[in-house]
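Model, not experiment: these values are computed from the prediction. Read the numbers this way: they start at 1 and go in the same order the structure lists the ligands and their atoms.
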Amino acid sequence: MEQPISVTRSNFNDWMVPVFAPANFIPVRGEGSRIWDQENKEYIDFAGGIAVNALGHAHPVAVNALTEQATKIWHVGNGYTNEPVLRLAKQLTENTFADKVFFCNSGAEANEAALKLARKVGLDSGVAGKSGIVAFNNAFHGRTLFTVSAGGQPKYSQDFAPLPNGINHVAFNDLEAAKAVINEQTCAVIVEPIQGEGGVIPADIEFLKGLRALCDEFGALLIFDEVQTGVGRTGALYAYMNSGVIPDVLTTAKALGGGFPVGAMLTTDKFAPHFSVGTHGTTYGGNPLASAVAGAVFEFINTPEVLEGVKHRHQYFLDALNKLNAEHQIFEEIRGQGLLIGCELKAEYAGKAKDITTWAGEEGLLALIAGPNVVRFTPSLIIPEQDIDEGIARLKRALAKLAK
Ligand SMILES: *Cc1c(COP(=O)(O)O)cnc(C)c1O
């Protein structure tokens with residue numbers, strides 16, 4: 001076989017549209033919660049591909065599902081359905097509030113579908129002007145024009161005006177503010193049960209309950225964006241299960257494919273028929289390869305052992321982080337649920353989260369930020385305790401650089 005073309009990190013700057021600024025090494029191989037770069041340097045993975053690699057790297061369950069399906073059929077187009085997608089739909093509907101699923105390829109697409117469904121339901125209601133969407137400051141819903149507009153971080157949307165209109169943003173966890181803008185003209189309220197990109201900020205249960213009541217009162221769809229919190233991340237299959245609040249629409253992606261791109265919008269029999277034949281679509285959504293992997297990943301995660309294991313690891317992580325913090329006094333707050341953990345920096349270290357992840361890389365640890373002041377960890381849901389220990393030891397060395 002011919003040798004592959006030799007490439008280096010500097011080629012990123014040569015050939016890639018510069019929307020990202022990746023680390024100065026290139027991961028080439030992974031196993032479990034460890035990865036290796038081109039120089040064969042080893043890293044502990046506390047980033048998990050941003051809450052995606054739920055089973056770590058190269059897990060046999062995912063590898064087998066992918067390779068088995070790869071020898072059968074890859075793609076048929078939506079003129080035909082396929083077995084893996086129907087099995088996955090059965091799993092998702094049997095294990096959640098939902099009755100129906102629309103498949104796509106990413107979180108943004110799942111939210112795009114959710115918001116379009118809400119607009120369509122609003123139109124079909126016959127109530128004039130029922131197209132208003134209520135969203136929250138600091139939220140993140142993806143990068144399409146509609147989802148970036150629904151997101152509550154103007155830095156991601158303002159350069160792309162004119163934006164879709166009819167979207168109202170109010171303060172997160174402020175029920176009175178939401179009450180002031182939700183009315184008969186509202187077709188949807190979209191909210192993350194835990195704001196992930198926005199800094200790992202959990203929604204108060206009373207806030208979610210209040211939104212549920214307001215949506216019921218005014219006939220608006222309650223959309224939970226569980227792209228980051230879904231598929232076991234919080235120790236529940238979906239985070240709504242921790243709150244007792246049931247949405248009308250739920251979006252899921254990231255961990256769903258364990259690293260294979262897939263997204264889904266879940267809804268009920270009450271709303272699904274509004275997306276009638278031809279009203280929405282996608283070429284790749286529900287592709288057999290993606291569905292086969294997602295089905296295997298979902299089945300593996302949706303067990304008491306794995307979900308309890310996430311809660312156990314949460315405590316293990318928090319104990320280690322709190323111990324580290326008692327020594328170094330770097331974090332103001334350590335928060336989150338399950339294996340979605342955010343460490344907010346003390347005021348004197350404001351803006352240093354990115355530096356910490358860079359130093360972590362030097363020490364052999366992959367970590368994330370969630371805004372300039374929060375270091376975020378979203379590792380594999382089955383990360384071994386010894387990898388947590390080793391990762392924390394490396395984090396400790398990275399934090400020592402901060403003190404200097
Ligand atoms: C990552 C994320 C998205 C966007 O998902 P993509 O797959 O990047 O399009 C949307 N919502 C939330 C809450 C996310 O964390």
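Side-chain polar atoms of N82 and S291 form no donor-acceptor pair below 3.5 angstrom. Looking at D14 and N11, their side chains do bring a donor and an acceptor atom within 3.5 Å of each other. Between the side chains of N137 and H169, not a single donor N or O lies within less than 3.5 Å of an accepting N or O.
For ligand 1, the polar-atom distance check against A108 finds a nitrogen or oxygen pair separated by under 3.5 Å. Looking at Q228 next to ligand 1, an N or O pair under 3.5 Å apart turns up. The N/O atoms of F140, backbone and side chain alike, include one that comes under 3.5 Å of an N/O atom in ligand 1. The N/O atoms of D225, backbone and side chain alike, include one that comes under 3.5 Å of an N/O atom in ligand 1.
For ligand 1, the atoms closer than 4.0 angstrom to any heavy atom of S106 are 7 (O), 9 (O). Heavy-atom proximity to G142, at under 4.0 Å, picks out these atoms of ligand 1: 4 (C), 10 (C). Against a heavy-atom cut-off of under 4.0 Å, E192 is close to the following atoms of ligand 1: 13 (C). Close approach of ligand 1 to N111 is summarised as follows: ligand atoms under 4.0 Å from at least one heavy atom of the residue are 10 (C), 11 (N).
Under a 4.0 Å N-O distance rule, the pair D248/R212 qualifies as a salt bridge. The residues E362 and K401 are annotated as salt-bridged, a charged nitrogen and a carboxylate oxygen being separated by less than 4.0 angstrom.
Looking only at protein heavy atoms, the nearest one to atom 5 (O) of ligand 1 is G107 CA, 3.3 Å.
Proximity of the aromatic rings of F224 and F97 is defined here by a centroid distance below 6.0 angstrom, and this criterion is not met. Here F207 and F172 bring their ring centres to under 6.0 angstrom of each other.
By the 4.5 Å heavy-atom criterion applied to side chains, L340 and V200 are counted as neighbours.
Evaluated by nearest non-hydrogen atom to atom 10 (C) of ligand 1, the leading choice among K254, H141, E226 is H141.
The presence of a protein heavy atom under 4.0 Å from atom 8 (O) of ligand 1 is ruled out.
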